[in-house]
Amino acid sequence: MKESYFAQEIEKKWQKVWEETGAFKTPDESDKPKYYALSMFPYPSGKLHMGHVRNYTITDVIARFKKAQGYNVLHPMGWDSFGLPAENAAMKHGADPEKWTVENIAYMTKQLKMLGLSYDWDREVTTCKPDYYKWTQWLFLQLYKKGLVYKKEAAVNWCDECGTVLANEQVIDGKCWRCDHEVEKKYLSQWFVKITDYAEVLLDDLDKLTGWGDNVKTMQANWIGKSQGAIFRFPVVDAPNSEKIDVPVYTTRPDTVHGITYLVVAPEYKDIEKLTTSENKEAVDAYRANARKMTEIERLSTERVKTGVPLGTHCKNPFNGEIFPLWTADYALVEYGTGAVMAVPTHDTRDFDFAKKYNLPMKVVIQNPENPSDCKDAAYTEPGVLVNSGEFDGMSNEKAKKAITEKAVKEGFGEFKTQYRLRDWLISRQRYWGAPIPVVYCEKCGIQPVPEDQLPVLLPKDVDFSVVGKSPLLTSKTFLETTCPCCGGKAVRETDTMDTFICSSWYYLRYADAKNDKMPFAKDKVNHWLPVDQYVGGIEHAILHLLYSRFFTKALRDLGLLDFDEPFKNLLTQGMVLKDGSKMSKSKGNTVDPDEIFENYGADTARLFILSDSPPARDFDWSDAGVEGCYKFLNRVWRLVASNADDINLKYELKFPLKKENDDLVRNVHIAIKGITNDISNDFQFNTVISKYRELTNAIYEWRGKKSQLDAEDKSVMSFAIVTLLKLMSPVAVHLTEEAWHDLGAEGSIHDEPWCEWDEKLAKASSITLVVQVNGKVKDKIEADEASTEDELKALAMNSEKVKELTEGKTIVKTIVVPKKLVNIVVK
RNA sequence: GCCCUGGUGGCGGAAUCGGUAGACGCGUUGGACUUAAAAUCCAAUUGGGUGAAUAACCCAGUGCCAGUUCAAGUCUGGCCCAGGGCACCA
């Protein structure tokens with residue numbers, strides 16, 4: 001065995017062997033129970049970054065650990081390879097987005113292999129390849145047939161920088177999620193997925209996800225945003241041309257209905273013109289035109305200053321006959337509820353601000369009987385009792401919500417209503433590098449889905465990427481013109497492509513049956529492998545990808561394509577990789593290139609370090625000194641094995657009883673097996689796993705340092721300790737352990753060895769340290785026999801010199817004995 | 001404003017049930033080996049105090065203030081701070 005540790009040489013050698021022997025292929029058929037470990041697949045941006053390294057190392061160690069524990073493990077990898085950067089690169093360099101993508105995939109694949117990840121590459125999935133996007137299109141058509149995909153004219157989010165529309169989930173603080181450019185409103189006819197049909201079940205089923213963190217679940221719950229309230233319809237008493245018209249409002253506070261003093265409709269409200277008098281038309285039109293011009297950012301920045309104009313018309317409150325004016329103001333949102341709000345300034349802070357500004361009347365209808373407020377300075381939004389509310393006076397407001405809505409239902413001007421904040425998912429993108437939406441437009445037959453046997457609708461090559469503000473697909477002659485599948489006449493293709501989040505909403509299913517050319521996947525195969533047992537990825541997908549994937553799984557279940565209703569059983573959201581306290585980014589110049597780490601230290605060091613310093617869910621601060629420390633540790637392990645190689649026998653046998661110091665070492669090994677196994681099993685606490693590697697290594701060194709000569713027993717004990725250390729480290733230091741394993745004379749791979757077992761009796765210290773406290777403070781520590789009775793421990797404690805000193809002349813009030821641990825003597 | 005997560009040495013972080021706070025590592029300091037350096041190894045390292053002192057001992061200490069308990073980083077109540085999410089959602 002070589003004296004020094006040559007990481008790069010070893011790593012290259014074993015990566016080649018593993019590839020040639022197909023070490024990580026996963027059979028579908030097996031007697032073993034299945035385990036599906038999955039990392040969120042990457043966008044092939046060019047090179048791996050440290051976030052990738054962290055993500056894939058975590059999942060790889062989990063996969064290897066489960067494999068050693070006897071599972072048939074599915075651990076695949078693929079590429080989320082449609083998307084804008086490829087197209088931008090194409091525009092910039094005149095290159096083909098496909099070529100750019102394929103080259104990036106090749107480079108990143110090489111890097112993944114250098115990291116020693118145990119993927120079954122036969123199952124690789126690449127979303128931009130026709131054998132994949134054919135099925136993305138097929139699934140689109142199934143959703144279309146089921147009525148879950150539709151086209152409509154709507155106000156949509158437009159990013160000018162990206163030249164395309166965005167889903168609501170992709171607008172962050174009024175800006176584009178990808179490029180940070182301000183988002184504008186545009187009115188366009190676009191394709192939507194009806195995710196709102198699943199709002200209720202997407203919310204309810206969050207309770208089933210016991211293996212997900214609360215942070216992600218509450219983010220999804222907030223995004224879905226369920227609220228319960230009522231719809232009330234208010235008749236307009238003075239509409240122009242004496243038209244009979246109602247204004248419906250949605251409210252969560254039906255209990256305050258007697259306090260309405262005005263009503264607000266959104267500037268975009270559909271009936272607003274019918275509600276505006278000719279005298280007010282000019283002011284209203286001006287206000288609406290201005291509102292339309294404003295971007296999301298401007299609307300947000302005017303948060304505190306509410307504006308509006310009166311429409312000139314009035315409604316009647318059917319509860320008390322009161323007449324109140326109609327206004328328009330942009331604090332009412334057209335997309336939410338009915339687009340109209342009943343205003344009760346006394347009990348809603350927003351209405352209060354608005355009423356103060358425009359001097360609108362206020363009427364108190366809820367009071368706290370112990371501390372009544374006149375609501376002159378602020379709205380009263382706490383619970384209370386109804387006043388000025390006719391027959392409901394004296395009722396608690398919680399009860400009144402129901403009673404008042406029931407009255408409205410009975411008299412026909414309202415109903416109970418559950419409302420969600422979730423909007424339908426806008427999936428059209430005016431871009432080239434995505435899966436074409438498989439639809440054609442025929443002058444005679446209208447919108448026609450492309451027949452399934454004509455899939456895939458391939459992306460054409462003859463496109464001009466230099467066009468601005470419209471899809472490059474419009475420039476392709478071969479693509480655009482086609483025939484109608486219905487009448488055979490002339491038709492044009494849809495030129496919008498699908499949001500890439502559609503592609504990534506079902507890729508985890510495809511791994512179960514990646515080469516199927518008849519179906520996206522066979523039902524029995526997805527039912528076998530899914531749900532994913534452990535999903536690992538960044539928190540940034542808490543809403544976008546994870547919500548869409550949950551929706552897809554539920555929709556595909558309802559289509560009969562699979563039989564489970566949640567895709568990811570357990571979710572680990574790994575923290576970010578930081579350097580000097582802030583996120584690694586090119587613009588900050590604080591990135592660390594994985595290639596450099598591989599080159600200088602090797603992949604095993606990178607793997608060890610990225611797991612070592614923080615628990616996976618927390619942010620990880622990269623430090624060069626830390627890498628160095630891990631490299632030194634691997635060298636230390638290597639030297640331990642190499643310098644003792646001649647005395648290590650893989651077929652060791654331990655004959656009990658052992659000499660004291662040997663018994664202690666064997667105990668330490670069992671303690672390590674137990675601790676490491678438990679740490680991985682409980683939330684994958686790899687940082688403490690690694691500290692236990694170090695503890696065991698230190699213990700072996702210390703033991704070895706005390707021996708100049710080794711007898712037969714010593715050699716077996718040392719063999720047991722070192723071989724176990726290598727096995728425990730094998731999921732992390734995958735190359736080093738394999739090399740050492742072979743140098744010690746093993747035939748097969750260390751990665752095919754079963755996980756180590758511990759003996760509960762041996763995983764305990766032979767003696768215990770009895771902690772002796774006086775009045776709760778530690779005063780002495782005494783070695784005691786593990787089997788001592790409580791009385792014996794107590795006697796031992798009382799016998800301590802310290803205790804005698806401290807209890808002399810005092811009364812012992814009581815003595816607490818914690819078996820095997822501690823004695824506390826309380827004195828006065 | 002609402003929701004989630006967290007707050008422990010110079011730093012990253014340990015600490016199943018309430019039972020030795022600071023595992024393991026990084027950094028720092030001192031030492032061994034060496035002509036020297038690298039590498040390696042050993043030791044110290046929460047703060048304050050008493051001691052000539054290597055000894056030995058005392059006090060305080062897990063964001064802050066209370067409480068429960070023989071015993072609190074851990075449990076209860078109230079507050080402060082940081083990070084993240086949502087936000088004119090009626």
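Sequence lines set the chain letters: A, B, ... in the order given, protein chains first and strands last, and positions in each chain run from 1. None of these values were measured; they are calculated from a predicted model.
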Whole angstrom value for the distance that separates [atom2] of [N] from [atom1] of [X]:
X       : N       : atom1 : atom2 : result
E335(A) : rA90(B) : CD    : C1'   : 13 Å
L206(A) : rG85(B) : CG    : P     : 19 Å
H541(A) : rG85(B) : NE2   : P     : 14 Å
W327(A) : rA90(B) : CH2   : P     : 23 Å
L696(A) : rG25(B) : CG    : C1'   : 16 Å
F354(A) : rA90(B) : CZ    : C1'   : 14 Å
N775(A) : rA71(B) : CG    : P     : 8 Å
F633(A) : rC24(B) : CZ    : P     : 13 Å

Would you mind building the protein contact string for nucleotides 12-19 of chain B? One character per nucleotide, 5' to 3', B for base within reach (heavy atoms under 4.0 Å), S for sugar-phosphate only, - for untouched. SSSS-B-B
Under 4.0 Å protein heavy-atom contact, by nucleotide of nucleotides 40-50 of chain B - B base, S sugar-phosphate only: SS---------
Check every atom of rA90(B), rC86(B), rA60(B) against the side chain of K777(A) and return the nucleotide holding the closest atom. rA60(B)
Closest to side chain of V826(A), choosing from rC86(B), rA90(B), rC70(B): rC70(B)
Mind checking if [X] touches a base, just sugar-phosphate, or nothing, with heavy atoms under 4.0 Å?
X       : value
R694(A) : sugar-phosphate
V778(A) : sugar-phosphate
K802(A) : sugar-phosphate
K692(A) : nothing

So does [X] pair up with [Y], basic N to acidic O under 4.0 Å?
X       : Y       : result
D348(A) : R253(A) : no
K674(A) : E760(A) : yes
R288(A) : E268(A) : no
R233(A) : E415(A) : yes

What pair of heavy atoms forms the shortest contact from H347(A) to T381(A), and how long is it? O-CG2, 3.6 Å
Check the orientation of [X] and [Y]. Use parallel for under 30°, tilted for 30 to 60°, and perpendicular for over 60°.
X       : Y       : value
F319(A) : F413(A) : perpendicular
Y631(A) : Y601(A) : perpendicular
Y336(A) : Y250(A) : perpendicular
F686(A) : F684(A) : parallel
F620(A) : F609(A) : perpendicular

Tell whether K814(A) reaches the base of rC70(B) with its side chain through a donor-acceptor pair below 3.5 angstrom. no
Which value, in whole Å, describes the distance between the [atom1] atoms of nucleotides [N] and [M]?
N       : M       : atom1 : result
rU69(B) : rG10(B) : P     : 34 Å
rU20(B) : rA15(B) : P     : 13 Å
rA55(B) : rC65(B) : C1'   : 40 Å

Does the side chain of R618(A) come under 3.5 Å of the side chain of Q574(A) through a donor N or O and an acceptor N or O? no
Syn within 90° of 0, anti beyond: rG49(B) is anti
When syn is taken as a glycosidic angle within 90 degrees of 0, is rG9(B) syn or anti? syn
rC24(B) OP1/OP2 closer than 4.0 Å to side-chain N/O of Y693(A): no
All N/O contacts under 3.5 Å from nucleotides 1-4 of chain B to the protein, with atom names and distances to one decimal?
none

How would you list, by chain and number, every residue that makes a side chain to side chain donor-acceptor pair (under 3.5 Å) with Q228(A), sequence neighbours excluded? none
For E702(A), I'd like to know if atom CD has over 12 heavy atoms of other residues, nucleotides or ligands within 6.0 Å. no
Pairs counted as Watson-Crick or G-U wobble with both distances under 3.5 Å: what dot-bracket string results for RNA chain B, using | for bases tied to another strand? (((((((..(((......[....)))((((((.......))))))(((((.....)))))..(((((..]....))))))))))))....
D214(A): what forms a salt bridge (charged side-chain N to carboxylate O under 4.0 Å, His left out) with it, not counting sequence neighbours? none
Considering the options Y548(A), W177(A), W425(A), which one meets the side-chain hydrogen bond (donor to acceptor under 3.5 Å, both in side chains) requirement together with E169(A)? Y548(A)
